[in-house]
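All values below come from the heavy atoms of this structure, side chains included, with hydrogens, waters and symmetry mates left out. We number each residue from 1, following the sequence as shown.
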Amino acid sequence: MTPDSANKQNPIGRRRTLFCLSVIAVVCIVVYSNSYEGPFVFDDLHNISENHFLRMTQLDWQSLYNAGFRSPLENRFVANISFALNYYLGGYHVGGYHLINVLIHMITGMLVFFLAGALLRTPGILPVPNTGGASRPFSPQSPERTILIPLFAALIFIAHPVQTQSVTYIVQRMNSMAVMFYLAALLLFILGRMRPGEWKRWALYLGALVSWAM
């Protein structure tokens, strides 16, 4: 039985996972609760508030293309399109831009949680002592290894002061999105390696490739 199939048949495991994701979300919201009124500063001006290609008034392919590939940093087209969608929905109201930055950081923290859990379920990552069948802390089946360590890792990532600039400095969404897609690619690749089914494995590999490209 694979770890994924075991988790699907284990309602306690699902509840623990949902609880951990809720904790990550709450901590992220609380930590950055005072950041929503920060104005556009420094590189925000050139890349966002003074960039007329982001001033999208209708949702069509041409507008998305102009925002993504005719902005000052055209090689960061995904972030540029996200700024244009922010403008389309709320103009230059900074609260919406900060909200998306916090949500990206929250999703990345959850990816850290799942990535740490996947690594700890991978055979050979940590030595498992011979206990004659008895469960010990940090054995593959222990909640400390499958839940608490990934949760602790994710909370360190979410609340660490080194993340402050990437989350609160609006244009640095480019940095946060790069980390989010990088971790998503890594997680999907690891899950693909652990997946026994051929088509599911290649679907995960394809997802990893798309995340890497973004």
Side-chain angles (χ1 to χ4, degrees), residues 18-60 63-116 150-187 210-214:
L18 289 175
F19 172 77
C20 291
L21 295 179
S22 300
V23 171
I24 293 168
V26 169
V27 170
C28 187
I29 291 170
V30 170
V31 167
Y32 290 100
S33 60
N34 65 342
S35 68
Y36 292 93
E37 298 302 321
F40 294 114
V41 295
F42 304 122
D43 289 351
D44 293 336
L45 305 178
H46 178 62
N47 290 285
I48 302 176
S49 61
E50 297 174 359
N51 180 8
H52 66 275
F53 291 112
L54 297 185
R55 298 170 193 166
M56 192 166 64
T57 57
Q58 56 185 10
L59 192 59
D60 56 34
S63 298
L64 292 173
Y65 176 85
N66 290 339
F69 296 100
R70 300 183 69 183
S71 293
L73 295 175
E74 70 276 1
N75 60 323
R76 302 179 183 182
F77 59 93
V78 179
N80 289 332
I81 289 173
S82 75
F83 293 136
L85 291 173
N86 260 130
Y87 181 87
Y88 177 75
L89 294 173
Y92 285 129
H93 187 272
V94 293
Y97 294 83
H98 285 293
L99 175 62
I100 298 301
N101 280 23
V102 172
L103 289 176
I104 290 170
H105 187 56
M106 183 189 302
I107 292 171
T108 308
M110 294 177 180
L111 289 172
V112 171
F113 171 79
F114 286 116
L115 179 60
L151 176 61
F152 188 59
L155 292 179
I156 290 176
F157 178 88
I158 285 289
H160 200 290
V162 77
Q163 309 289 357
T164 303
Q165 180 176 344
S166 295
V167 181
T168 62
Y169 187 4
I170 295 174
V171 77
Q172 287 303 318
R173 176 186 303 180
M174 297 174 177
N175 182 50
S176 294
M177 293 185 83
V179 176
M180 179 180 69
F181 286 120
Y182 185 93
L183 292 182
L186 187 58
L187 175 61
V210 171
S211 295
W212 169 80
M214 296 183 71

**Study point:** Short side-chain donor-acceptor distance under 3.5 Å, Ser63 and Asn66
**Key:** no

Review point. Between the side chain of Ser176 and the main-chain N/O of His105, is any donor-acceptor distance below 3.5 Å?
Key: no

Review point. If you round to the nearest 0.5 Å, how far is CZ of Arg173 from CG of Asn101?
Key: 4.5 Å

Review point. If you draw a 6.0 Å radius around CZ in Phe53, do more than 12 non-hydrogen atoms from other residues or ligands fall strictly inside?
Key: yes

Check your understanding: Between Tyr97 and Tyr92, what is the ring plane arrangement, given parallel below 30°, perpendicular above 60°, and tilted in between?
Key -> parallel

**Study point:** Derivation and outcome, side chain to side chain contact (heavy atoms under 4.5 Å, CB included), residues Phe114 and Leu183
**Key:** CA-CA 10 Å; Phe114 286 116; Leu183 292 182; over 6 Å; no

Check your understanding: In Å and rounded to the nearest 0.5 Å, what is the CG to CG distance from Leu89 to Leu99?
Key -> 10.5 Å

Point to revise | Audit row: Ser49, Asp44, side chain to side chain contact (heavy atoms under 4.5 Å, CB included) steps and yes/no | key: CA-CA 7 Å; Ser49 61; Asp44 293 336; 5.7 Å; no

Study note, to complete from the structure: The reported gap from OG in Ser71 to CG in Asn51 (rounded to nearest 0.5 angstrom) is 4.0 Å

Practice item. Report the C-alpha separation of Phe77 and Leu64 in whole Å, then their side-chain angles, then the decisive distance to 0.1 Å, and conclude whether the side chain to side chain contact (heavy atoms under 4.5 Å, CB included) test is met. Key: CA-CA 9 Å; Phe77 59 93; Leu64 292 173; over 6 Å; no

Point to revise | Test item: Thr57 and Tyr88 side chains (from C-beta on) under 4.5 Å apart, heavy atoms | key: no

Point to revise | Under 3.5 Å: donor-acceptor pair, side chain of His98, backbone of Gly38 | key: yes

Check your understanding: Taking the side chain from Tyr87 and the backbone from His93, do they hold a donor-acceptor pair closer than 3.5 Å?
Key -> no

Check your understanding: Hey, is the main chain of Ala84 close enough, under 3.5 Å, to the side chain of Arg55 for a donor-acceptor pair?
Key -> no

